[in-house]
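Index from 1, following the sequence.
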Amino acid sequence: MSAADGRDVAACADGNCEIAVSAPVTVRFTSPAGPATLTVTEVGPNKVEYTVKSGNGRSQGGASGPGQGCITVLRDHGSSNSCGRVGTMRPAAQPGAVVIQMAAGEDGTAILHIVS
């Protein structure tokens, strides 16, 4: 799988990017609650796990299996998380929120979308 911003983690700083991730990495970006950090803790064939910290909030996501992934939505006062089957299409932006989609790949490379 290829990503619009390649593997350039710095492309996510403004809260909008699409990068390929094939090893643990930390991504810093701006969320409605201020500075945020997404830490990919594990990535492998059809598997991905990550933690997002924003303001005083923390959210974790993890999925394994073909076509699986997670979507985390960060808002000013909290976040929501859902994991399961996700596509590789860019998620839709939501007013006053940052949407994070992490899709596991068969080849051990996950595609991370951040949309604000």
Side-chain angles (χ1 to χ4, degrees):
M1 289 191 285
S2 64
D5 296 311
R7 296 181 181 276
D8 183 9
V9 172
C12 296
D14 66 354
N16 285 288
C17 66
E18 177 187 45
I19 62 170
V21 178
S22 57
V25 68
T26 297
V27 178
R28 297 180 200 296
F29 61 97
T30 303
S31 79
T37 306
L38 180 148
T39 304
V40 177
T41 53
E42 189 173 341
V43 62
N46 292 318
K47 181 170 185 164
V48 67
E49 291 184 11
Y50 65 94
T51 302
V52 180
K53 292 180 186 168
S54 172
N56 293 327
R58 183 168 188 233
S59 183
Q60 290 182 278
S64 60
Q68 300 294 302
C70 297
I71 294 179
T72 302
V73 179
L74 300 178
R75 297 188 187 285
D76 191 11
H77 298 290
S79 64
S80 63
N81 202 46
S82 64
C83 297
R85 183 166 276 297
V86 297
T88 55
M89 299 297 294
R90 182 179 179 88
Q94 295 184 23
V98 174
V99 181
I100 299 164
Q101 175 180 291
M102 182 74 81
E106 290 180 31
D107 61 357
T109 299
I111 298 295
L112 167 64
H113 284 97
I114 300 178
V115 179
S116 60

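- At distances below 3.5 Å, at least one donor-acceptor pair connects side-chain atoms of Ser116 with backbone N or O atoms of Gly15.
- Rounding to the nearest 0.5 Å gives a distance of 12.0 Å between CZ of Arg7 and CG of Leu112.
- Contact between Val40 and Ala23 at its shortest, heavy atoms only, is CG1-O, 4.4 Å.
- In this structure, Leu74 CG and Ser59 OG are separated by 7.0 Å, a value rounded to the nearest 0.5 Å.
- The two atoms that bring Val98 and Ser31 nearest to each other are CG2-CA, 3.7 Å, heavy atoms only.
- Hydrophobic cluster membership is shared by Val25 and Val52, with clusters built from Ile, Leu, Val, Met, Phe, Trp and Tyr side chains linked at under 4.5 angstrom.
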Could you go through the side-chain contact (heavy atoms from CB on, under 4.5 Å) check for Phe29 and Ile100 one step at a time? CA-CA 11 Å; Phe29 61 97; Ile100 299 164; 3.7 Å; yes
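- When all heavy atoms of Gln101 and Ile71 are compared, the closest pair comes out as OE1-CD1, 3.8 Å.
- Gln68 approaches Ala63 most closely through the heavy-atom pair CB-CB, 3.9 Å.
- In the hydrophobic cluster analysis, where Ile, Leu, Val, Met, Phe, Trp and Tyr join through side-chain heavy atoms closer than 4.5 angstrom, Met102 is grouped together with Val9.
- At a threshold of 4.5 Å between side-chain heavy atoms, the hydrophobic network of Ile, Leu, Val, Met, Phe, Trp and Tyr places Val27 and Val86 in two separate groups.
- Of the inter-residue distances, the one linking His113 atom NE2 with Asn16 atom CG reads 11.0 Å to the nearest 0.5 angstrom.
- Thr26 is linked by a side chain to side chain contact (heavy atoms under 4.5 Å, CB included) to Arg28, Thr37, Thr39, counting only residues two or more places apart in sequence or in another chain.
- Between atom CZ of residue Arg75 and atom OG of residue Ser54 there is a gap of 12.0 Å, rounded to the nearest 0.5 Å.
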- request: Quick one: do Ile114 and Val99 satisfy side-chain contact (heavy atoms from CB on, under 4.5 Å)? Show the steps, please.
  value: CA-CA 6 Å; Ile114 300 178; Val99 181; over 6 Å; no
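- Side-chain contact check for Cys12 versus Ile19: some heavy-atom pair is nearer than 4.5 Å.
- A salt bridge does not link Glu18 to Arg90: none of the charged side-chain nitrogens sits closer than 4.0 Å to a carboxylate oxygen.
- The minimum heavy-atom distance between Val115 and Ala92, with the atom names listed, is CG1-C, 4.5 Å.
- In this structure a side-chain-to-backbone donor-acceptor pair under 3.5 Å is missing from Asn46 to Ser64.
- How far NZ of Lys53 is from OG of Ser79: 13.0 Å, rounded to the nearest 0.5 Å.
- Inspection of the Thr72 and Asn81 side chains reveals an N or O donor paired with an N or O acceptor under 3.5 Å.
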